[in-house]
Amino acid sequence: MLRRLRSLAKGLSRTSPGQILGKLHSLEVTSGAAARNADLAAWNTKVMGSAMASQFYEAGLAGRLAPLPPDPVDTGYGGRLCRQEDIESQWLRHWCGQIGFVPLYHRKVWEDCYALQALYERGMMMPGRRGLGFAVGAEWLPSFLAARGVEVLATDIDADDLRARNWIQTDQHGGRVETIFKPGLIDMESFNERVSMRAVDMNEIPADLHGGFDFLWSICSLEHCGSIRQGLDFVVEAMKCLRPGGVAVHTTEFNMDPDGPTIEEGGTVLFQRRHIEELEARLALAGHRMLPMDFGTGTGILDQFVDLPPYPGNDAPLAIPEAPHLRLSIQGLVSTSIGFIVEKRA
């Protein structure tokens, strides 16, 4: 035994620290431990992000302790990216209070509130208005708007379309009353009077919808049209559904790297600044106006935090911490939500 130890010691004395580390690294890779350690490193990041967000929640800047102002606030915003400061703002917390959300550091909370703010500031939340929602899924907006007297046509892809399969399996398809009726916001009788549903493919908008609406919206939907080009085409074509002076509000996935690679085709694409600027130019040629876009990324610490998989719904070895989700990795690309507003020529 002593001889073996001496032999091992001599071998180590002839091996540099770099060689030892190299051998250990090779062992990690071949055993699969390196990949598992990368997953655990991502997990540790989520835990630290959750701890940071918890401090803000405990201070009442957001979360369940944050005050929910009873009255709306005018902002004058045009297009913008989701930011930490928005989650902590009076305007967003007001809509959270109205719709029954908790103002969490999550971009999906931001998207619904951004759309409501844009419609409120343009006088669309009142009886006599008519709104068109695309790919509504399980959204709360149809019930919320109908409760304020708006007539709503809620659309989603046909349930028999193969592309609808995943949305149906996760209960995010808007083809059923049970999915979009929210009893905490409106009674069933009023809902049935003001909300109708219809199967509509965003890539083939029926001509009979043209010119029939005061406003339209889509929330995190146009990135699922199949490609960057199809998503941009949808926004331009959807303007035909508006009456003169009408307004369109959209949110979608946004790649924060303006010059790097992105996802151009597939089930979920990622738009970049150049695509939004191209869209603005196309809309202007058609006589419409996209409100000024603010591409500022925010200065909060959570604006710099990138959430990593696994996300809720995925298999994970431990309980998934409630990490901030203003930014996330989509195939290694730093992404967030962007919203923009388009006005139809009068």
Side-chain angles (χ1 to χ4, degrees), residues 46 49-50 53 56-57 61-64 66 68 77 79-89 91-120 133-145 154 156 166-167 169-174 179-180 182 184-185 217-224 231 249-256 267-271 297-298 300 302-303 305-314 320-331 333-341:
K46 292 176 78 76
S50 178
F56 295 131
Y57 290 143
L61 297 177
R64 299 185 184 280
L68 305 176
Y77 290 155
R80 64 194 284 111
L81 273 61
C82 169
R83 306 177 193 176
Q84 178 181 340
E85 66 186 57
D86 289 341
I87 305 299
E88 298 167 355
S89 68
W91 72 264
L92 182 139
R93 287 191 274 124
H94 165 75
W95 295 116
C96 283
Q98 295 296 302
I99 208 168
F101 287 179
V102 176
L104 300 174
Y105 293 109
H106 199 295
R107 66 196 185 99
K108 294 303 178 183
V109 172
W110 180 89
E111 287 182 333
D112 280 10
C113 292
Y114 173 84
L116 291 174
Q117 182 71 20
L119 295 175
Y120 157 73
F134 286 99
V136 296
E139 292 174 11
W140 291 61
L141 267 68
S143 287
F144 183 84
L145 294 168
D156 211 334
N166 289 338
W167 306 111
Q169 290 175 347
T170 56
D171 202 24
Q172 297 181 78
H173 185 262
T179 306
I180 60 173
K182 309 299 180 183
L185 298 178
W217 81 88
S218 75
I219 295 179
C220 212
S221 301
L222 62 100
E223 69 272 17
H224 302 307
V249 182
H250 301 279
T251 70
T252 190
E253 305 280 8
F254 185 75
N255 181 348
M256 297 181 70
T268 300
V269 301
L270 293 179
F271 297 91
T297 58
L302 301 185
D303 292 320
F305 178 87
V306 180
D307 196 11
L308 299 171
Y311 303 122
N314 301 139
I320 295 178
E322 194 174 274
H325 195 72
L326 305 179
R327 314 282 182 256
L328 76 157
S329 170
I330 299 180
Q331 296 185 25
L333 303 173
V334 179
S335 309
T336 188
S337 297
I338 189 173
F340 57 91
I341 305 164

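Everything numeric here is computed off the predicted structure, so don't read it as measured data.
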Q. What pairs with Glu85 under side chain to side chain contact (heavy atoms under 4.5 Å, CB included), at least two apart in sequence or on another chain?
A. Arg80, Arg83
Q: Using a 4.5 Å cut-off on heavy atoms from C-beta on, say whether the side chain of Leu68 contacts that of Pro103.
A: yes
Q: Could I get the full list of side chain to side chain donor-acceptor pair (under 3.5 Å) partners for Tyr114, not counting sequence neighbours?
A: none
Q. Looking at residues at least two apart in the chain, or sitting in another chain, which of them share a side chain to side chain donor-acceptor pair (under 3.5 Å) with Trp91?
A. Ser89
(Q) Contact between Val249 and Leu119 at the side-chain level, heavy atoms closer than 4.5 Å - yes or no? (A) yes
**Q.** Leu116 vs Trp140 side-chain heavy atoms within contact, under 4.5 Å
**A.** no
**Q.** Lys182 (side chain) donor-acceptor with Pro142 (main chain) under 3.5 angstrom
**A.** no
Q: Output all residues satisfying side chain to side chain donor-acceptor pair (under 3.5 Å) with Ser329, sequence neighbours left out; order by chain, then residue number.
A: none
Q: Determine whether Trp110 and Ile87 make a side-chain contact, defined as any pair of heavy atoms from C-beta on separated by less than 4.5 Å.
A: yes
Q.
Less than 4.5 Å apart, side chain to side chain, heavy atoms only: is that true for Phe305 and Pro324?
A. yes
Q.
Can you tell me how far apart CZ (Arg64) and SG (Cys96) are? Round to the nearest 0.5 Å.
A. 11.5 Å
Q: Quick one: list whatever passes ring-ring contact (aromatic ring centres under 6.0 Å, His included) with His94, sequence neighbours left out.
A: none
Q) So how far is it from Ser337 OG to Leu328 CG, rounded to the nearest 0.5 Å? A) 8.0 Å
Q.
Applying salt bridge (Lys or Arg N to Asp or Glu O under 4.0 Å), can you list everything that pairs with Asp112, at least two apart in sequence or on another chain?
A. none
(Q) Glu88: which residues meet the salt bridge (Lys or Arg N to Asp or Glu O under 4.0 Å) condition with it, sequence neighbours left out? (A) none
(Q) Strictly distance-based, threshold 3.5 Å: is any side-chain N or O of Thr179 a donor or acceptor partner for the main-chain N or O of Gly137? (A) no
Q) What residue pairs, at least two apart or across chains, pass salt bridge (Lys or Arg N to Asp or Glu O under 4.0 Å) with a residue in residues 91-107? A) Arg107-Glu253
Q | Short side-chain donor-acceptor distance under 3.5 Å, Thr268 and Glu223 | A | no
Q | Partner residues of Thr336 under the side chain to side chain contact (heavy atoms under 4.5 Å, CB included) criterion, sequence neighbours left out | A | Leu81, Cys82, Phe254, Met256, Arg327
Q.
Contact between Leu104 and Tyr57 at the side-chain level, heavy atoms closer than 4.5 Å - yes or no?
A. yes
Q) Is a donor on one side and an acceptor on the other found under 3.5 Å between the side chain of Thr251 and the backbone of Cys220? A) yes
Q. For Phe340, which residues count as a ring-ring contact (aromatic ring centres under 6.0 Å, His included) partner, sequence neighbours excluded?
A. His250
Q) Below 4.5 Å, heavy atoms only, C-beta onward: do His106 and Phe101 meet side chain to side chain? A) no
Q: Identify, with sequence neighbours excluded, every residue that meets ring-ring contact (aromatic ring centres under 6.0 Å, His included) alongside Trp95.
A: Tyr120
Q.
If you define the side chain from C-beta out and look only at heavy atoms, does anything of Lys46 sit under 4.5 Å from Asp307?
A. yes
Q: Please identify each residue that fulfils ring-ring contact (aromatic ring centres under 6.0 Å, His included) with Phe144, with sequence neighbours left out.
A: none
Q.
Using modelled atom types and a 3.5 Å cut-off, is there a donor and acceptor pairing between side-chain atoms of Glu111 and backbone atoms of Ile219?
A. no
